[in-house]
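The block underneath contains the structure these notes are about, expressed in structure tokens.
So you know, we letter chains A, B, ... as the sequences are listed, proteins then strands, and number each from 1.
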Amino acid sequence: MAGGAARAGMVLRAVAALAAPAGAADAAYGEYLAAECSTCHLRSGDFKGIPSIVGLPEADFIAALRAYRDRSRENVVMQTIAKSLSDADMAALAAYYHRLGTKR
Amino acid sequence: MTLNRRTFTTGVLAGAGALAAGFPRFSIAQAKAKVVVIGGGAGGATAARYIARDLAEKIEVTLVEPSRAFTTCFFSNLYVGGFRSFDSITHTYAKVGAGGVALAHDMASAIDRAKREVTLAGGQRLAYDRLVVSPGIDLKWDSVPGWSEAAAAVMPHAWTPGAQTRLLRAKLDAVKDGETIVMTVPNNPYRCPPGPYERVSMFAWQLKSTGRTKTKIVVIDAKAAFSKQAVFQEGWEKHYPGMVVWMDPKMHGGLKAVDPAAMTVTTDLETIKAGMVNVIPAQWAGKIARDAGLANESGYCPINPESMASTVDPNVFVIGDACVPGDMPKSAFSANSQAKVAALAVRGALAGQQVFPARYANTCWSLIAAGDDIKIGGRYEAKDGKITALDTFVSKPGEEAALRMQNYEESLGWYAGITADMFG
């Protein structure tokens, strides 16, 4: 039952993720959070009125989100979103969008 | 031997419980799991694509949508105002199909929840393991005395997209300077809370741009207050002084009837002779959802805020305007957000994908005049048995022109983003 063992590991990881999403810049978690971004930020990386976030250096990505969270950077939509994100969430998103940039 | 993921988890905790008991609930594999999505708008198109993404070998997704070219209701006011072409708000499903979603361009005529089967108007039957219902709203044709489906050819609603939107624009173009335009607006809840008031703004923009500033737009509202009211009213005074007359129920005493032959609107106070009438009627969930027993006495479908699953059938998810969305408005943004929560729940149930807590967001932008755009929005979570607002924001009177212009640019970016999310 190799499949069962693999799946058991997956379940344990999922439980751990639920208990502490802080876990790591986990791909599935990043993808889940990123679904919220793609309503406005094009996954193609194109700019059509809202800045691209695809392929940004992770440090810049995190710095921008933190600035929205502490309201030192203006934009009420982004301030509201960033308020709901922990440092670990921001890291997961930064890793996800950086990876998305390297895939293109 | 492979595993049947359908029986594997209906949620992470159920799976963990089975493991703890030392007896994982695996069984022999059967065919691919089947998902049917009814409705190809902001909810359904998004859900179909997100469920299918990278899972073609495990889940077969069929999107049921009669239209081959879908015109969005959102931004249709900008077509009326002359800011967008009709083509620019019309989209095809070509990339949805290319993305691993099977397309059934037909109307869903019935849902048999006991048999887990959807029947299409053409007779085709689609079995499902999970069903996503996203039919949007139906109009209540009898909610305005004197008005009807036939009368909508004379007094358009333009509250579902397509031909009615073009008709509304044609009627607006035919209004002579000095004639009165009347809009009737229903009570909450209805699709797109700020929509009527953005539309009033776009009427006024067209009239002003074509020198018809003696025309008045009278709004007969069933509500005493409306979304973004302070900034809308400030904008109307600034851009269109004297052209917009908004009346709450205390001012008009109630909408009594419309007469499409005489082109009149009668309230408790007066009968108004109009050059154009836009009736926005009361609404409820699309018929397919109501017929399937998914709606409650409100006419909309209650859902579990953790997953968007129907409270009456855990195998059915109701998203978008047809659901009871708690604190969220009935908007395309909300539908898109809800679709992602439902998609993750479906992937969790049918493909063992990790399921994380539901996150919801919404923003509604409204254009008052060129470069003057306002917004309202918030983020939401499952709390207290409903989708509950945690943080909200709304544009304020007196904001700088640069900020309003930035809102407009942002709304264009959002349109590009959400339509790419829906249609690829």
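Within 6.0 Å of the NZ atom in B:K386, the count of heavy atoms belonging to other residues, nucleotides or ligands exceeds 12.
B:Y50 and A:S38 form a side-chain donor-acceptor contact under 3.5 Å, judged by distance and modelled atom types alone. In summary, the side chains of B:S334 and B:S337 do not present any donor paired with an acceptor at a separation below 3.5 Å, with no hydrogens or angles considered. In this structure, a donor-acceptor pair under 3.5 Å is present between the side chains of A:R73 and A:Y68. No donor-acceptor contact under 3.5 angstrom links the side chains of B:S85 and B:D87, judged on distance only. In summary, the side chains of B:K228 and B:S395 do not present any donor paired with an acceptor at a separation below 3.5 Å, with no hydrogens or angles considered.
Between chain B and the residues A:T39, A:V77, A:L33, A:V76, the most heavy-atom pairs under 4.5 angstrom are made by A:T39. With chain B as partner, the option from A:K83, A:H41, A:Q79 having the largest number of non-hydrogen pairs under 4.5 angstrom is A:K83.
Contact annotation for B:D391: both backbone and side-chain heavy atoms come within less than 4.5 Å of a heavy atom of chain A. Of the two parts of B:R347, neither the backbone nor the side chain holds a non-hydrogen atom closer than 4.5 Å to a non-hydrogen atom of chain A. For B:Q406, the part lying near chain A is the side chain, with the backbone staying farther off; criterion is any non-hydrogen pair under 4.5 Å.
Proximity to chain A at a heavy-atom threshold of 4.5 Å picks out B:E409, B:E410, B:L412, B:G413, B:W414, B:A416, B:G417, B:I418, B:A420, B:D421 from residues 409-424 of chain B, in numerical order.
The pair B:D373-B:R404 does not count as a salt bridge, with every side-chain nitrogen at least 4.0 angstrom from each carboxylate oxygen.
Partners of A:E74 according to the salt bridge (Lys or Arg N to Asp or Glu O under 4.0 Å) rule, which considers only residues two or more places apart in sequence or in another chain, do not exist here.
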